[in-house]
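Worth saying up front: this structure is predicted, and the values here are computed from it rather than measured. For this chain, numbers begin at 1 and follow the sequence in order.
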Amino acid sequence: MNREEIDARLDATAVAWLDQALAEAAEKDDNVARRRWELRFAAAGRHCGQENADAVRTLLLRRAAADVSTLTRLYQQGAAAERRAVLLALPHLVPGPEALPLVEDALRTNDTTIVEAAVGPYAADHLDPHAWRHAVLKCLFTGVPVAAVAGAERRAHGDAELARMLADFASERTAAGRSVPPDLHRVLNMTGEES
């Protein structure tokens, strides 16, 4: 979501708050301003509404051109909503795999909002095949829709190991008397290995 789209969703007070936050985020050589925008990053939901918080936080991170060190600090110190925003901003800020530890940490949680953010475009581009397969299984296990998995069709296509893992997971669920997540068959179909 760009700035104009965000502004259209905010009242005048929130727009003024965001203007100030973005100005502070743009200050590269001012440690006090840096600390202020990081505090505003945490407060975005209170000032701009929870429904706008992810977009506002991502905009702040992009304006600050947050590096991996800053992203890691904000992720580690943040609540779930702040962690989610960091994960959503990764493809805009980190061109290489340097932020993979954040994605890997997010995939260890059972908070579905964080898992969903973790399987976005950054994971699609940087997770190795083994970790990516386990991320897909994590989504199926926790109920995160496979539609949230960026690049799923591209990554799953022709992946016989993923197909095997999915079949094993379905068999285990069936043997335990549990339902098989409907998305499992969708991903299995993506592999091209479904009979």
Side-chain angles (χ1 to χ4, degrees), residues 1-127 135 138-139 142-145 147-152:
M1 188 178 300
N2 65 36
R3 176 65 198 269
E4 293 77 27
E5 293 169 323
I6 294 170
D7 282 354
R9 298 173 59 142
L10 303 177
D11 63 25
T13 302
V15 169
W17 180 91
L18 182 54
D19 286 340
Q20 185 61 42
L22 290 170
E24 291 166 354
E27 288 293 326
K28 304 291 184 230
D29 298 324
D30 184 342
N31 286 334
V32 173
R34 181 185 60 80
R35 185 68 187 133
R36 282 189 191 132
W37 84 257
E38 288 182 8
L39 291 172
R40 288 180 185 272
F41 175 83
R46 287 191 305 276
H47 292 277
C48 298
Q50 293 303 325
E51 67 280 6
N52 301 310
D54 284 343
V56 168
R57 287 183 176 118
T58 299
L59 189 61
L60 284 169
L61 290 170
R62 291 178 78 176
R63 179 66 57 92
D67 60 14
V68 174
S69 174
T70 300
L71 293 167
T72 300
R73 183 178 61 254
L74 291 171
Y75 179 88
Q76 290 174 341
Q77 295 174 357
E82 293 142 45
R83 288 176 173 217
R84 184 178 57 248
V86 167
L87 294 165
L88 293 171
L90 291 178
H92 305 288
L93 296 167
V94 186
E98 299 83 9
L100 272 177
L102 301 180
V103 173
E104 292 162 350
D105 180 78
L107 291 171
R108 286 190 290 270
T109 185
N110 286 324
D111 183 328
T112 56
T113 65
I114 293 175
V115 172
E116 186 171 341
V119 295
Y122 189 80
D125 290 342
H126 299 291
L127 279 177
K138 178 77 172 203
C139 289
T142 60
V144 171
V149 180

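Ion pairing between a basic and an acidic side chain is recognised when a charged N comes within 4.0 Å of a carboxylate O; R83 and D111 show no such pairing. D67 has no carboxylate O lying under 4.0 Å from a charged side-chain N of R73, or vice versa, which leaves the two without a salt bridge.
Residues A66 and L93 come closest through the heavy atom pair O-CB, 4.0 Å. Pairing each heavy atom of H126 with each of V94, the nearest pair is NE2-O, 4.4 Å. In terms of heavy-atom proximity, R57 sits nearest to F41 at NE-O, 2.7 Å. Taking both residues in full, the closest heavy atoms of H92 and T58 are given as CD2-CG2, 4.3 Å, listed atom of the first, atom of the second, then distance. The minimum heavy-atom distance between L87 and A106, with the atom names listed, is CD1-CB, 3.6 Å. Contact record, A150 with P121: CB-N, 3.4 Å, taken as the closest heavy-atom pair.
Using a 4.5 Å cut-off on side-chain heavy atoms (C-beta onward), V119 and L107 make contact. Between T70 and E38, the closest side-chain pair of non-hydrogen atoms falls below 4.5 Å. You'll find the side chain of E51 reaches within 4.5 Å of the side chain of R9, heavy atoms only. Taking the side chain as every heavy atom from C-beta outward, D7 and L18 approach each other to under 4.5 Å. No side-chain heavy atom of K138 sits under 4.5 Å from any side-chain heavy atom of T109. No side-chain heavy atom of E82 sits less than 4.5 Å from a side-chain heavy atom of L74. Side-chain contact between E5 and N52 is absent, with no heavy atoms from C-beta onward closer than 4.5 Å.
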Exercise for review: Kindly determine whether L88 and L61 satisfy side chain to side chain contact (heavy atoms under 4.5 Å, CB included), including the steps that lead there.
Suggested key: CA-CA 10 Å; L88 293 171; L61 290 170; over 6 Å; no
Practice item. Assess whether side chain to side chain contact (heavy atoms under 4.5 Å, CB included) is satisfied between D19 and R3, documenting all intermediate values. Key: CA-CA 10 Å; D19 286 340; R3 176 65 198 269; 2.4 Å; yes
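With hydrogens and angles disregarded, no donor-acceptor distance shorter than 3.5 Å links the side chain of Q20 to the backbone of W17. The main-chain N or O of A99 is found under 3.5 Å from a side-chain atom of Y122 such that the two form a donor-acceptor pair.
Within the structure, salt bridge (charged side-chain N to carboxylate O under 4.0 Å, His left out) contacts touching residues 113-126 (residues at least two apart or in different chains) are D125-R154.
Residues passing the side-chain contact (heavy atoms from CB on, under 4.5 Å) test with A147, sequence neighbours excluded: R186.
To the nearest 0.5 Å, the span separating NE2 on H47 from CG on L10 amounts to 12.5 Å. Note: Q77 CD to T72 OG1 = 10.5 Å, rounded to the nearest 0.5 Å.
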